[in-house]
Undergrad: 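After the structure tokens below, expect a handful of questions from me.
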Amino acid sequence: MSYFEELAFQYIDGEWRSGTGSWDIVDFNPYNGEKLASITVAGVAEIDQAYRAAERAQPAWGATNPYTRRLVFERALRIIDDREAELSAAITAECGGTALKAAFELHLAREFLREAVHLALRAEGRILPSPDDTKENRLYRVPVGVVAVISPFNFPFLLSLKSVAPALALGNTVVLKPHQNTPICGGGLVAKVLEEAGLPAGVLNVVVTDIAEIGDALIEHPVPKVISFTGSDKVGRHVATVAASHFKKTVLELGGNSALIVLDDADLDYAVEAAVFSRFIHQGQVCMAANRVLVDRSVEQEFTEKFVAKVKSLKVGDPGDPATHVGPLIHAGQAEAIASLVEQAVADGATALVRGRAEGTLVEPSVLTGLKADAAILGQEIFGPVALIIPFDGEEEAVRLANATPYGLSGAVHTGDTERGVRVAKRIDAGMIHVNDGTVHDEPIVPFGGEKASGVGRLNGDAMVDVFTTTKWISIQHGKSRFPF
């Protein structure tokens, strides 16, 4: 039995069960259209059952010695190591991820699990002074309680674990809703690995469903105290609005429109490699992808020639083939949207240096230049294999163009002068900028997040403690207070 047949269920209170919703989510292989699984969606009743199970399980799990909690993540690491080939095959089948993408995702998943091992011990308290000599102020870091995690389709195994593991390590329980296009990699596999690693029943629950079935029940439910959402800014705005109306804390990791800047003194061959990877990794379905490649006009021609040659060398096709660089988009609708974006940009005056064909879910890379300043494609996230080359004259214009977007997630600056790169990076309104590197990076202890429409809050490292614990002040009066009446 494959993972897809075995895990095509809801996972609530330690049991794998069918949903009671009114329709089925059909999970397809995006490359060949093969049906992988059919899952009856969870209804509002299952949402309540999942939250109540998490609520019941949290006191015991939160009281568990953190040295004991961390053992779960150590065992999970060994399980991933032992089953890497199977997990990689599942990522390829459900996500359309190439071998490189699957290896990248599993490597980072292990890194975040290793960090969860350490996070279990990082909820440190403090003792603060008081103006009263006989009073003691203690600050405790305690779990928030129950956390809701809503994960996306592009790196589903990684991005589910990225919030789930820290929340659990810090003593919370979790209800996870994976994206409907990746219910197994983003949900079932996460539950399976942690279940086999010894996570008690009810501590993690997975509900596979959609807003069409449950409305806002996942966010409005009274039990969860924190909502961790990764996805589009459009959905993120809705999540934030609903959560705020119910006094819930949110951490939102949203879309991007990253710029990779090539200054006049950059190593052009290296910059080309960084730009091509940053734009076309996982078909461009990455929030940190370099949508816009900004190039100093003095090196534009040389850079562009090398960039176009590199793009033309990319192999498009079966993600199961180790030689493939660009596989399928997640579904045909996304492929059609990307093809339409390119068509509209060309109609509006852009020049296609490379014009990729679209067939089914496969979309070949496109490279556009000569875009007008008000071209619609410049201001939006392109979740597909389309690169925009934009010339600039000097650092001032480079910074202005990089900031001319409602997003502010990631970016990169290439230069022969490191400190010059840092000076430029500091002027870009984004949460993460990389000097002489690509735009697609994530590390377990470095704060990850964006500005503007790219999100609210940070994940990773100490930021996880801030998100998934709350501070409790307990004072102790060793003497006697004097009361005015």
Side-chain angles (χ1 to χ4, degrees), residues 27-34 91-102 104-105 152-156 179 181-182 231-232 255-258 260 272 275-293 304 307-348 350-371 375-389 438-440:
D27 192 13
F28 290 105
N29 179 314
Y31 174 67
N32 59 22
E34 175 191 358
I91 289 170
T92 295
E94 188 174 55
C95 310
T98 62
L100 172 65
K101 185 266 189 187
F104 184 65
E105 181 164 4
F153 69 79
N154 55 345
F155 283 78
H179 195 280
N181 288 126
T182 50
S232 72
N257 186 13
S258 299
L260 186 146
V272 164
V276 171
F277 176 82
S278 297
R279 176 60 269 181
F280 297 106
I281 177 67
H282 195 39
Q283 296 73 265
Q285 297 173 121
V286 183
C287 57
M288 296 171 280
N291 281 7
R292 300 168 298 148
V293 182
T304 300
F307 184 85
V308 167
K310 183 76 172 178
V311 170
K312 287 181 176 178
S313 74
L314 299 179
K315 181 177 180 180
V316 180
D318 183 357
D321 181 348
T324 295
H325 300 102
V326 178
L329 296 183
I330 191 65
H331 54 70
Q334 180 68 8
E336 291 168 5
I338 294 299
S340 295
L341 269 180
V342 173
E343 183 177 344
Q344 185 61 54
V346 171
D348 290 342
T351 299
L353 302 176
V354 180
R355 181 76 179 269
R357 297 171 301 167
E359 184 176 346
T361 54
L362 285 178
V363 178
E364 296 174 339
S366 291
V367 179
L368 305 180
T369 191
L371 293 124
I377 197 171
L378 285 172
Q380 64 190 91
E381 182 175 41
I382 307 170
F383 232 53
V386 181
L388 312 178
I389 296 182
T439 62
V440 181

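The first residue in the sequence is number 1, and the count goes up from there.
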Undergrad: Which atom names give the shortest non-hydrogen contact between T182 and P156, and what distance separates them?
TA: OG1-CB, 3.5 Å

Undergrad: If I take atom NE2 from residue H282 and atom SG from residue C95, how far apart are they, to the nearest 0.5 angstrom?
TA: 6.0 Å

Undergrad: Q285 vs L329, test: side-chain contact (heavy atoms from CB on, under 4.5 Å). Steps then yes/no.
TA: CA-CA 8 Å; Q285 297 173 121; L329 296 183; 3.6 Å; yes

Undergrad: Do V346 and R355 have side chains that approach each other closer than 4.5 Å (heavy atoms only, starting at C-beta)?
TA: yes

Undergrad: Mark yes or no for whether T351, through its side chain, and G370, through its backbone, hold a donor-acceptor pair below 3.5 Å.
TA: no

Undergrad: Give the minimum heavy-atom separation between G96 and P319, together with the two atoms involved.
TA: O-CB, 3.5 Å

Undergrad: Assess whether side-chain contact (heavy atoms from CB on, under 4.5 Å) is satisfied between L314 and V276, documenting all intermediate values.
TA: CA-CA 9 Å; L314 299 179; V276 171; 4.0 Å; yes

Undergrad: Working note: I91 + K101, criterion side-chain contact (heavy atoms from CB on, under 4.5 Å); need CA distance, chi angles, decisive distance, verdict.
TA: CA-CA 9 Å; I91 289 170; K101 185 266 189 187; 3.7 Å; yes

Undergrad: Taking C-beta and beyond as the side chain, do L388 and I382 meet within less than 4.5 Å on heavy atoms?
TA: yes

Undergrad: Provide the closest heavy-atom pair for A290 versus T439 in the form atom of the first, atom of the second, distance.
TA: N-OG1, 3.4 Å

Undergrad: Could you measure the distance from the NE2 atom of H331 to the CZ atom of F28? Nearest 0.5 Å is fine.
TA: 12.5 Å

Undergrad: Minimum heavy-atom separation for P385 and I338, please, with both atom names.
TA: CD-CG2, 4.4 Å

Undergrad: Donor-acceptor check, side chain of E94 to backbone of D27, threshold 3.5 angstrom: yes or no?
TA: no

Undergrad: Please list, chain by chain and in numerical order, all residues satisfying side-chain hydrogen bond (donor to acceptor under 3.5 Å, both in side chains) with N291, sequence neighbours excluded.
TA: N257, R279

Undergrad: State, to 0.1 Å, how close V326 and P365 come at their nearest heavy-atom pair, and which atoms those are.
TA: CG2-CG, 4.3 Å

Undergrad: How many angstroms lie between CG in N32 and OG1 in T361, if you round to the nearest 0.5 Å?
TA: 8.5 Å

Undergrad: With heavy-atom distances below 4.5 Å as the criterion, would you say the side chains of P328 and L362 are in contact?
TA: yes

Undergrad: Please tell me if the side chains of S278 and M288 come closer than 4.5 Å, counting only heavy atoms from C-beta onward.
TA: no

Undergrad: Indicate yes or no for a side-chain donor-acceptor contact from T98 to the backbone of G327 under 3.5 Å, with no hydrogens or angles considered.
TA: no

Undergrad: Identify the heavy atoms of A275 and F307 that sit nearest to each other, and give their distance.
TA: CB-CE1, 3.7 Å

Undergrad: So V363 and Q283, do their side chains get closer than 4.5 Å, heavy atoms only?
TA: no

Undergrad: Taking the side chain as C-beta and beyond, is there a heavy-atom pair between H179 and I330 under 4.5 Å?
TA: no

Undergrad: Test of understanding: with side-chain hydrogen bond (donor to acceptor under 3.5 Å, both in side chains), list the residues that count as partners of E364, not counting sequence neighbours.
TA: R357

Undergrad: What residues form a side-chain hydrogen bond (donor to acceptor under 3.5 Å, both in side chains) with E34, not counting sequence neighbours?
TA: none

Undergrad: About how many Å separate CD of Q334 and CZ of F153, when rounded to the nearest 0.5 Å?
TA: 5.5 Å

Undergrad: Could you tell me if the side chain of T304 sits less than 4.5 Å from the side chain of L353, heavy atoms only?
TA: yes

Undergrad: Would a 4.5 Å heavy-atom cut-off, applied to side chains only, mark F155 and V286 as touching?
TA: yes

